[in-house]
Amino acid sequence: MPELPEVETTRRGLSPLLEGQTIERLEVRDGRLRWPVPEALPERLVGARIATLERRAKYLLLTTDRGGVLLHLGMSGSLRHCTATTPLRTHDHLILHLTNGSQVRFHDPRRFGCCLPLPETGAPHPLLAALGPEPLDTAFDGDYLFQRSRRRRGPVKTFIMDQDIVVGVGNIYATEALFLAGIRPGRAAGRVTRAEYERLAECVRTVLGAAIEQGGTTLRDFLREDGTHGYFRQSLRVYGRAGEPCLQCATPLRNRRIGQRASAYCPTCQR
DNA sequence: CTTTAGGCCTGACGGC
DNA sequence: TGCCGTCAGGCCTAAA
């Protein structure tokens, strides 16, 4: 699932291949994504020179001299750099043709992703307006989490997956970070202590950083820009391992549904 | 304000 | 073999 490490992996792979290149055309093969791809988007991008490929939260921002584009990979999306001879796959919905002959394909079986123009005014896109801090920035720490969590009665796992609190942490990395920090996912966010939040913030940074270094996690759909998969899956300690022994204490890992999402944890190591 | 549930969408999987 | 229900989940929206 594309969470922050997968999006960042994609950005790092694609940015040197895109920056400075010129767009020949954007081919919309199926524009029915999370929101429909606006009809006017392709014509606006013809001949545009790509300036940067940036990331904010789980969004990618492509900037050009003819306006920007906001991309989200949803939960099954990926971007792949290839040539015209690379065989088309089912669910290759968008193709960005570059004048150098290469192309970038937006592949998304579940179509939860999006491709939208950025406001021409330069104002931040409404989807980005309320987002919390980047977890790898200095504004994110235990003190921040502690302050924001007071009087919140919902589960701490839901709390750190809230994009208004901190961005980029989805089900996989929330599950892993809580295990590393020794905190049960179902604890009320407002009852988690300052010291525990210090640990949790550090564990979120550690797990995201390690996942980025390994090119993200490939469960089913996610592929890097060159078509290879990420390697962090083999580093997962609890996610997807319910019923199997804890790697620290051998207690069978449990599974609970929290906020409509599967949540594996160790009843011994996590309190 | 916070919290919860529903919906979008396809593919994989288990049961019969 | 095929059909069907369930699950996966990011994140918006509406409602409690």
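Naming convention: chains lettered A, B, ... in sequence-line order (proteins, then strands); numbering from 1 in each chain. Keep in mind that this is a model prediction, so the values were computed, not measured.
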From the list C:dG10, C:dC12, B:dT4, which nucleotide is the closest neighbour of the side chain of A:Pro155? B:dT4

What integer distance in Å separates A:Arg148:CZ from B:dT2:C1'? 12 Å

Which nucleotide, C:dG10, B:dG11, C:dC12, lies nearest any side-chain atom of A:His91? B:dG11

Distance test, side-chain N/O of A:Arg110 to OP1/OP2 of B:dC8, below 4.0 Å: no

Whole-Å gap separating P (C:dC11) and CZ (A:Arg34): 9 Å

Within this structure, what is the CG-to-P distance between A:Asp164 and C:dT13, rounded to whole angstrom? 12 Å

Would A:Thr63 and A:Thr52 count as having a side-chain donor-acceptor pair, cut-off 3.5 Å? yes

Do we see A:Phe112 stacking on the base of C:dC11, given a limit of 5.5 Å between centres and 30° between planes? no

Taken to the nearest whole Å, CG/A:Leu73 to P/B:dC9 is 18 Å

Whole-Å distance between C:dA8 P and A:Met161 CE? 12 Å

Nearest-Å distance for atom pair CZ/C1', residues A:Arg150 and B:dC1: 17 Å

Rounded to the nearest 0.5 Å, what separates atom CD in A:Glu3 from atom CD in A:Glu8? 14.0 Å

For atom CG of A:Leu4 and atom P of C:dC11, their distance in whole Å: 11 Å

Considering just the side-chain nitrogens and oxygens of A:Lys58, establish if one lies under 4.0 Å of OP1 or OP2 belonging to C:dC11. yes

Among C:dG10, C:dC12, C:dA8, the one nearest any side-chain atom of A:Arg257 is C:dA8

Interatomic distance where CZ belongs to A:Arg111 and P belongs to C:dC12 [whole Å]: 19 Å

When you compare the side chains of A:Thr193 and A:Glu196, does any donor N or O come within less than 3.5 Å of an acceptor on the partner? yes

Among B:dT4, C:dC12, B:dA5, the one nearest A:Gln260 by side-chain distance: B:dA5

Heavy atoms only, 4.0 Å cut-off, all strands: where does A:Tyr59 land among base, sugar-phosphate and nothing? sugar-phosphate

Is it true that the side chains of A:Thr217 and A:Tyr173 contain a donor and an acceptor less than 3.5 Å apart? yes

Would you indicate what A:Arg153 reaches in the nucleic acid, counting non-hydrogen atoms under 4.0 angstrom: base, sugar-phosphate, or nothing? sugar-phosphate

Any donor-acceptor pair under 3.5 Å between the side chain of A:Arg261 and the base of C:dG10? yes

Mapping A:Thr90 and A:Arg151 onto DNA chain B by nearest heavy atom, which one lands closer to the 5' end? A:Arg151

For the pair A:His91 and A:His93, name the ring-plane relationship: parallel under 30°, tilted 30 to 60°, perpendicular over 60°. perpendicular

Among C:dC11, B:dT2, B:dT10, the one nearest A:Gln163 by side-chain distance: C:dC11

